[in-house]
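Sequence lines set the chain letters: A, B, ... in the order given, protein chains first and strands last, and positions in each chain run from 1.
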There are 2 protein chains.
Amino acid sequence: MKPTPAPVEEGAPPRAPLSGLERSTLRELLIRGPKSRAEIARELGMSRASLTRVTRALIEQGLLADGPVELRGATGRPSEVLRIRPESRKFLGVKLTGDHLFAVVTDLTAQALAEYDEPLASRRVKDAVAQIGAVHERLAEEHPGVAAAGIGLAGDVVSTDKGQTVAQSPFLEWSGVPLAALVSERLGIPATAENDMRALTAAEHWFGVGAGHESMVLVAVGAGIGVGIVVDGKVVTGINGKAGSLEHLPIDPSGPRCERGHRGCAASYLSNAAIVAALRAPGLDYASVLDLARGGDPAAVQAFRDAGHALGVLIATLANTMDPEKIVVTGDGIAVAELARGEIDAAIATYRRHLGVPTPLDIQPFDFAEWARAGAVLAIRDFLHF
Amino acid sequence: MKPTPAPVEEGAPPRAPLSGLERSTLRELLIRGPKSRAEIARELGMSRASLTRVTRALIEQGLLADGPVELRGATGRPSEVLRIRPESRKFLGVKLTGDHLFAVVTDLTAQALAEYDEPLASRRVKDAVAQIGAVHERLAEEHPGVAAAGIGLAGDVVSTDKGQTVAQSPFLEWSGVPLAALVSERLGIPATAENDMRALTAAEHWFGVGAGHESMVLVAVGAGIGVGIVVDGKVVTGINGKAGSLEHLPIDPSGPRCERGHRGCAASYLSNAAIVAALRAPGLDYASVLDLARGGDPAAVQAFRDAGHALGVLIATLANTMDPEKIVVTGDGIAVAELARGEIDAAIATYRRHLGVPTPLDIQPFDFAEWARAGAVLAIRDFLHF
DNA sequence: CGAAGTTAGTTTCACATATTGACAAACTCG
DNA sequence: CGAGTTTGTCAATATGTGAAACTAACTTCG
């Protein structure tokens, strides 16, 4: 039995795994921003003494900085504001599509330090893992000492005894791949994997407009329609890793047919392809239809309005089902929220069961790099065991 | 400040609140049935030593019995099977409707020991609380020493610093009523309150076909359509206590109008009233339409088929959203599942996103007393701090 | 039949983690 | 400047947990 000598990079002391309170403290500071020890203690229901102990350990590990700053309450001794040291840890985030690999290195607060992408050389598991390894090494030249990695991809990812496992991924044609374990072995650091939509949900929940909420719903519109659900501070996965599969929610049985044969489902109105198809004009792509709609072209405007209606029904259904604190809409097809806000709100008003307390709706701009950043957030959450 | 002298009924020693592991152990035995210490230890990821300690405390409190029975594994020392002592605690469950009060006393395993119901004398909060008190005293004659009470009612119930509070209840015309606190004070025992649908979900989750699952969805059909959701072992409440409000899920925008003006929503097909209304024949009630359908009357059969289709769409939508381990259908309108199973399954097949792993579907018979029993389950879960 | 092997349950002890209560520090207010 | 207040720390202490060693109770095999 050889004692694995954890390679101590930088000047950090040997890293004991974070204890429970250490993790909650770090999470509290990450999500809610700088706070004093006393505040955290009240928030977490712990004693101040415990926070002295825990924050000392975190400061020793370089994760926190004891703000030399002082802040004033109304009376009494001013508190020392603790803040995260974002630069203390780095994380690698990866998004895999059927033909491309997007990667990003972030700090502890999920801020991107470096971005990189390249075509996926091969869909074979072995090759993909090797490519992730190569990308890691390439990025490590400038950003050494990445603490953990997270990978997001379309498909069903479930938790098994071999770590997060890709049960099925149509685009990559994978099934039963223990991706987290494979990548971890290749990179020599902890790694995790998750469905890309749930990764994005995790990112928005901790570092986006969902920060500080116990529940939220994220709807991402674009090539497909993705739904991510957070309940009780955790992203809902589903027993088969299929939660949030609402792209074929029935909207109007007399509507157009989607590529899977449903009449008038959400995807048949709302996906980028559906918006393009609604114009029945060959040679158009999403960008040009968007331009047409912005220019006032009636058919294009109508396509976006129909999409907005479908989105509103979807949002209302989710709000009725989960009653979340917040609903966030994002994705590369986010323009629908700008062009058809009226239809969205009208559909919500019609189908929302309880109008007394409208659920806050946030429209978030989207950039494709978000997908890779979401992978890094997976790694951060995993680092904090959340 | 007078020290409330907890009336120690029976020979039980002074009741310290159960510790974390004590609760999980009791829960494990309640939900999964008799087990040995070693089995529980493995299940809960604890050491056998801890189980020795914890079970001793539970046995002293009378909650467990150390099975004198011995059971055989393949080899080694036989294990002593621990079992719950159902008779060790009693719970009061109450269901309030707009004009009636249903009550039940159960044991620790939610088995009914006594049932009772009477008209609600008044909808005023004070009177209702007093009536619950009177019913408690009446039932206490035969079943003294009730440990805790749980009350279910239609409406939004939220958790506040005053305990479970009825934010709004249309039938009772209540709003902002700290019902749990009021009842607890009147009865002198811990009390809790919850939306009736979530209470029923909790009951089915622990003591019904959901037992042992971390996630499930319950659909109750009857006068209305209720949906209860369990994720990660907990019943989803929603920030406003409105989760699961799917009675107006759009099914077909060209369908009949429900009482709230929606065209073709789930309620417009599936509620008992909608099934009766579909026949457009005056003077009929649900029971007679049910008889007609069982007798083969075409219009009645069609009404149930349409209802079955709506139910199938609802189930598929919930399965797509949550990907639960199990879906349970019950309620006093459960006949639809018997008369239109084909339509239900067809709709699920059409709208279910992933057909690879069908979600198990359970049809559960229903008796109105279930509502009150569900209240008792609330009390039991509360007793175990779950 | 008895020794060896296996699993269950118990006991003891050490350890990690949290709280309590006392105390000094750093401020405001009158 | 003292009184009041709140923060952060320290020392002592309580609590819950697992590791390891032990006993108990059974099966199997030579």
Side-chain angles (χ1 to χ4, degrees), chain A residues 1 3 13-29 32 34-61 63-83 384-385, chain B residues 14-29 32-61 63-83 384-385:
Chain A
M1 210 197 304
R15 314 207 167 135
L18 298 176
S19 81
L21 186 49
E22 283 170 352
R23 288 195 297 261
S24 344
T25 303
L26 210 48
R27 174 176 180 269
E28 189 71 16
L29 287 167
R32 317 240 197 196
K35 281 190 175 178
S36 73
R37 291 175 178 79
E39 264 179 298
I40 300 171
R42 278 190 297 265
E43 206 81 42
L44 267 48
M46 312 296 293
S47 68
R48 288 187 319 240
S50 296
L51 262 105
T52 295
R53 178 171 38 80
V54 163
T55 53
R56 177 159 43 222
L58 289 172
I59 290 171
E60 271 168 21
Q61 291 188 52
L63 290 161
L64 292 189
D66 200 346
V69 209
E70 323 235 328
L71 196 83
R72 57 209 63 261
T75 171
R77 170 176 169 174
S79 47
E80 304 170 24
V81 175
L82 296 162
R83 38 166 275 272
L384 295 180
H385 283 87
Chain B
R15 313 202 169 140
L18 298 176
S19 81
L21 187 49
E22 283 169 353
R23 289 196 296 261
S24 341
T25 303
L26 209 48
R27 174 174 179 269
E28 188 72 16
L29 286 167
R32 317 238 195 196
K35 281 189 176 180
S36 72
R37 290 176 179 80
E39 264 181 297
I40 300 171
R42 279 190 295 267
E43 207 79 43
L44 266 48
M46 313 296 293
S47 67
R48 290 194 310 257
S50 296
L51 262 295
T52 294
R53 180 170 32 80
V54 163
T55 53
R56 177 158 43 222
L58 289 172
I59 290 170
E60 272 168 22
Q61 290 188 53
L63 290 162
L64 293 189
D66 200 346
V69 209
E70 321 234 330
L71 197 82
R72 55 207 66 259
T75 171
R77 169 175 171 176
S79 48
E80 303 170 24
V81 175
L82 296 163
R83 39 165 275 271
L384 295 180
H385 284 88

Can you measure A:Glu22 atom CD to C:dT17 atom C1' for me and round it to whole angstrom units? 11 Å

Given C:dT11, D:dT27, D:dG8, the nucleotide with the shortest approach to the side chain of A:Ser36: D:dG8

Out of D:dT9, D:dT7, D:dC10, which nucleotide sits closest to the side chain of A:Arg56? D:dC10

To the nearest angstrom, how far is A:Lys35 atom NZ from D:dT6 atom C1'? 17 Å

Considering non-hydrogen atoms only, spot the tightest contact between B:Leu29 and B:Lys35 and give its length. CD2-N, 3.6 Å

Rounded to the Å, how far apart are A:Glu80 CD and C:dC27 P? 10 Å

Rounded distance in Å - CZ (A:Arg23) to P (C:dA16): 16 Å

Find the distance B:Arg37:CZ to C:dT11:P and express it as a whole number of Å. 10 Å

The side chain of B:Arg42 is closest to which nucleotide in this list: C:dA8, D:dG8, D:dT5? C:dA8

Within the 4.0 Å limit for protein heavy atoms, which parts of nucleotides 13-24 of chain D are touched? Write it as a string from 5' to 3', B for base, S for sugar-phosphate only, - for none. ----BBB----B

Measure the shortest side-chain to side-chain distance between B:Leu18 and B:Leu63 over non-hydrogen atoms and say whether it is less than 4.5 angstrom. yes

In whole Å, what is the span from the CG atom of B:Leu51 to the P atom of C:dG9? 9 Å

D:dT9 P sits how many Å from A:Ile40 CD1, rounded? 12 Å

Any side-chain heavy atom of B:Met46 sitting closer than 4.5 Å to one from B:Leu51? yes

Closest heavy-atom pair and its distance - A:Arg37, A:Thr55: NE-OG1, 3.1 Å

Picking from C:dT28, D:dT7, C:dA8, the nucleotide nearest the side-chain atoms of B:Ala38 would be C:dA8

